[in-house]
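What follows is one structure encoded as structure tokens, with my remarks underneath.
Residue numbers start from 1 in every chain, and the chains themselves are labelled A, B, ... in the order their sequence lines are given, proteins ahead of strands.
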Amino acid sequence: MSSMLIAALVIGGMATLFGALLGYASVHYKVEGDPITDKIDQILPQTQCGQCGYPGCRPYAEAISNEGAAINLCPPGGETVMVSLADLLDREPVALEQEERPPSLALIDEKTCIGCTLCIQACPVDAILGAAKLMHTVIATECTGCELCLAPCPVDCITMEPIPTDITDWSWPDPDMFKVAA
Amino acid sequence: MIEYNKIVNDGLWRNNAGLVQLLGLCPLLAVTTTTINGLGLGIATTLTLIISNLMVSSIRNFITSEIRIPVFVMIIACTVTGIELAMNAWFHELFLVLGIFIPLIVTNCAIIGRAEAFASRNSLLPSLLDAISMGIGFTLILILLGGMREIFGFGTLLAQSDLMFGEGASWMTMTIIEDYRGFLLAILPPGAFIGLGLIIAAKNRIDMRVSAAPLSNMLPQ
Amino acid sequence: MTLTNFKFHGGIHPKQLKDLSRDRAIESISWRDEDEIVITLSQGIGSLNHPILSIGDSVQAKQRISECYGEISVPVHSPCDGTITAIEERPATHPSGLQAVAIVIKPDADSSKIDINKANDLVNHKIDVSKLSELLSSLTAEEIISKIRIGGVIGLGGAGFPTCAKLHGGIKTNIETLIINGMECEPRITCDDRLMRERAIEIIAGVEILDHLLHPNSIKIGVEDNKPEAILALEIATTSSTSSIEIITTPTLYPSGGERQLIQLLTGKEVPSGTLPSAIGVVCQNVATVAALYHALLERPLTHRVVTVTGDGVESAGNYSVPIGIPIDSLLTQCGVVDSVRITVGGPMMGFELHNSRSPITKTVNCLIVEKNSSLPSAPERYNCIRCASCSDACPAKLMPQQLYWAAQSRDFEQTEKLNLFDCIECGCCDFVCPSKIPLVSYYRYAKGVIRGAKQEQNRADEARVRHEFHDARITREKAEKAEKLAKKRAALKAKKESNKSTDKPNDADKKGAAIRAAIKRAEAKKKAAAANS
Amino acid sequence: MIKTTADSTTAREMLKVIAALIPGYIALSLIFGPGALIHAAIMIPVAMLAEATIIWMRSRSAVPAIKDLSAPLTALLLAAALPPLLPWWMAIVGILFAIIIAKQLYGGLGQNPFNPAMVGYVILLVSFPLEMTSWLTPAGAIVGGDTIGFIQSAEIIFGTIENPSITIDGVTGATPLDAMKTALYQGLTISEGIKEISNGVLAGSGWEIINLTFLIGGIYLIASRTISWHIPVSMLVALLIISALFNTVDPDRYSTPLYHLLSGGTMLGAFFIATDPVTASTTPRGRIWFGACIGILIYTIRSWGGYPDAVAFSVLLLNMFTPLIDHFTQPKIYGERDNG
Amino acid sequence: MVNMSNIIRSAMVLALFAVCGTLLVAITYELTREQIAENERLSLLKSLTQLLPAESYNNSLLDDKFLIEADSLLGTTDSTYAYPAKVDGDSHTILLTPDSQEGYTGTINILVAINIDGTVVGVRVLSHRETPGLGDLIEERRSNWIHTFAGRSLESLTTKEWQVKKDGGVFDQFTGATITPRAIVKAVHRSLLYFQKNRDKLLELAND
């Protein structure tokens, strides 16, 4: 009987000690902020398009890290982003919810534009230039192709044009594409 | 709403501890030289799973997150020690065969994994169901692998049934191949790896047949 | 003439196949009356040119027709008298087969007969040494470089790096060795060989200009030992030179003409990874480039170059001095091309297949290999990589091509970067030796493209994030300001209301709304009208 | 675009290795009878058939895989390592494991981490230790005595008749390495052991001739640039150094270097097995480490391990470390700075 | 200052579980202790009795065991038990447990039953790590080679004959493996020598 008690006491004492240590550690080394959200945000393409159902890339990143939102909701990022997210978060890759969208730019039909400035307000990255009652134009290098300016335009003068590949940004194709499927 | 169907399906097939999660491989590979060994370890593991899942599930609301792992480990260790002692007392021959692999159940990640991933988040009934289906899923693999290795290695099936079911069960032993000279590879560890690999391949093959979308579409290229 | 003492790692011995054209002296071929001259606005490396003339303007031979901004860029010139008929996208001489913006010039009738190339008769051009040194001493280094730049000189060996940019880097640092690249190590190509044999004087004159500009401790011209005539010609030309020039022969080995390999061959030094040769006090120029910069200094801009035309698909293989901008099919027709051929631009190791024979000769086209489709071997059967490591034995950059390939084909681009993918010079030695016939370089090019694309994408995303954050901050600030204003206004209105209750003006917002509605109507009408017109 | 390429092809490289095996095979047949040839004749078609079947099951074209000659080479290497009178069905089990498990299940040529022939050998060794350690006593014109003829070999290998004209027990014996180990267990010294097993010849009569013929083949492979010198040389040098070291310290307990170099599968392993490009290290420094470690492991297992010969185990163990070795022996690239 | 209550709470909860768990295990241990001891006794007895017919003795082998010192002839480095088989208090057979280090790998534990007249009653291998399929033919369930010892004695065979056939003795070796049978033969032979040397002392100890 005494050996039982000794065993119980020894183990109990050790457990008390380690429990206290763990309790202390959990209070003392609590991680402030959320570095994983930053990392997710880093991967997202920053189009701020909201096609994921969240009002921008940062909110989507927060939703992924905090609410466990799905990682396949970003059409502009496509499969690349999904796979990077899967790698980062150690989740299973899942097929995209929507079809991947080719990169495109907003183009304002300058003949139709009435200069209402509604699109300027909608643009999340200030890529549209113009003033009230004057024709607007899109700064091509800054447009993220988010399509947020399409809806507010009262005269439907904005269209999305896919970005054509030209010689300067052309790169060699995947050689496996030509591999004869034997 | 808890989907009981899903729990059972996960344990037995979709998320099988031995084939998909690949947990508890050390005892899985070492013990399965015969069907009876596999069955014995399977039952011990299932029992441990059931007890630990039930206990974890019932105490889950009292445990703060920082000490949950030590508490789970403590519960599992106590359960396994109890089972080990009980087997030593009542199934001594089998205990001698399974040897060190009974205490090793403590470190079987399948058990701590279920405690952490399932029992600590669900109420008693689903936890019990999860333990049973996970345990049975694991046991089935043990029996299957044990059976394969026994047939190829010794040419028999269910040899030494008496260890588990008492003297009266000797009739269960079947000689599949008469005058078999034995194929050592099946009994040695490489045979276990090859056998498990083949079972996993078979499972993936069946899954591929069942689902219309081939697996390769889902994986990053 | 001395032999080199140094070696670089790897290298291969492909069949030279230079006999078809190496004994054919440089001949001039000009445009035919029906041809148009197409000057692509992006030649070689560097930012895009902007045309300075418009459609309908007439141009003269040697006239500069574009403007360029940024240090790493040079203008283009017209090789002929004529009229600009278009500035539009034309098929480019580029591996992609895509189109690129070009200035299209219709040469004046019969002008081909007085093509400046022929008129100047450069072959027998006498170098007036005293005139050259006089000219040099009257100019500052910056002025000389600017003349070279205005003359449109870029590296003619293949990469097309603007010469002025190299020289700018050169005069800023202490240059120990000036290396002139006369290796021409790729099989089939002979244009530099012929240039050295026939125009050694021009090359040496160019070297003297560089000597004057860079004050190197030593000048070395590297030539492979399979060009004895070229070595002899250069030896003769150097005897009368004021600069002390060493001509060094090296064993024939591909890719000893690669800039970094040549530097190692002649100096024993390696150019540190990720830096330019000037980092170790070396400037390297191709022989043709050196000759071109001599002409540029004498107000003869780069409007012509020597191109080797070879292969069994042409009747008269040879080396031709041709105006930059003439369509390749015009050149080939004048050489007597047979039907159904495949055209490779550049050498057999690093060249690319031409998609459209109507695309023009550019400054970087040094060779056209024309092969009958019927004589082409069928694509070799491809096997799995067996990690035999023949490729790493052959790699002049001392990379591990087989490991790079594994990483690239499994899309592990991070790993390819760790394996120094960007130190690959795409020389094709690994492709050549691979017993499994794997197109290794294609994988590296693909991986490089993906990585560059991803970096660009990341930069864009980062910029977009900054702008978005700024946008958000602005919106919040504006809102706060508006709220403040509104509060003030309300207070004022309240005060006003109390003082004057009878005022009843239409609301501001209403007014704006009406204006927008009117505008919408106008726009719709316009759209309808446009639709009706079309 | 079709690039200009050198005229070496995978099949041609494999053919060179096969050609280099010829002297070894001649010696094997002269000394141990035609067993190895019979085994090769059984295993080559089985290997090719197994390869084709698996590739067909993976719905790919089997033609290139058959044409690359890698399956026959695996069969030839395995046959050279098997005891000459091993029953036919064991040889088939071995080659099936080599081709299906060790090679095709990993994805076929180039993808297998372990040398297929050695996997087949080890699987046979652990499964049928009795048969796999029953070698013939060397005989034939070179070493004296009559070789076992074709008919007898075939009779025993196929077990066709009840009472073969010679019995297995009458002609089999352990390999010199095995016998030496036994002698050492008996408390004999090395020199006594040598006398006992081989009438005073270096490394067991017949065996040194077989090793020398494989050495000749290996030298041809290096001369024809089919393999690089790094692995065989470093492996043999390591084996030489470590055996010389122990032999100097205690010549009664540890055999001479020459004995180690010329017995068992040393030369076959050094030039034909360890150099298998698919499974060996590929960096120059890595190859030297790879070879040296194999040499040391061979000595260790031979001297203190449970099995008499150790080439197969050593090669397989090092195969496992190949990626690690490659990782740590990346050569300095052109222009790489020392502190970079 | 960190939150003390949190620390105390963690410590207490963990301690509670530890104490409960330990107590539970301790109780199980108490409950099963006797049964386990009995099991162990039985299984030892089982291996001892497989050499002796049940009717050939009427004492309790386990209760009459006695310690013998380590001896090089037995290959032992620690003292081991010997078990006497008696009929009505008179020992007629002694069971010894010699070890052999001469196998291929590791120690071979052997059980030898020797009649007091110096004849071998039987030999069994208790545990070994010899090559499977090669050296393990010494196990009774794999071949009956081990039975060849029964009835042999120092008198019936000369020292030279106490060897495997290859070395000139009478015992078979297995094809391809000589080391393992040789080790067993030697161990049995030495056990007989040990018995011959210590016969009187052993009998005295056995009958105490």
Quick check: closest heavy atoms across [X] and [Y], and the distance to 0.1 Å?
X       : Y       : answer
A:Ala8  : E:Leu23 : CB-CD2, 3.9 Å
E:Ala18 : A:Gly12 : CB-CA, 4.2 Å
E:Ala15 : A:Thr16 : CB-OG1, 3.3 Å

- Heavy-atom contact with chain A under 4.5 Å, split by part of E:Leu16: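 For E:Leu16, neither part sits under 4.5 Å from chain A.
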- Message: Tell me whether the count of non-hydrogen atoms from other residues, nucleotides or ligands lying under 6.0 Å of OH in A:Tyr54 goes above 12.
- Response: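 Check passes, neighbour count above 12.
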- Apply the test side chain to side chain contact (heavy atoms under 4.5 Å, CB included) to residues E:Thr22 and A:Met4: give CA-CA distance (whole Å), side-chain angles for both, the deciding distance (0.1 Å), then the verdict. CA-CA 8 Å; E:Thr22 317; A:Met4 270 168 69; over 6 Å; no
- Item | For chain E, the option from A:Leu21, A:Leu22, A:Ile11 that forms the most heavy-atom pairs under 4.5 Å |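 Result: the option with the highest number of such pairs is A:Ile11.
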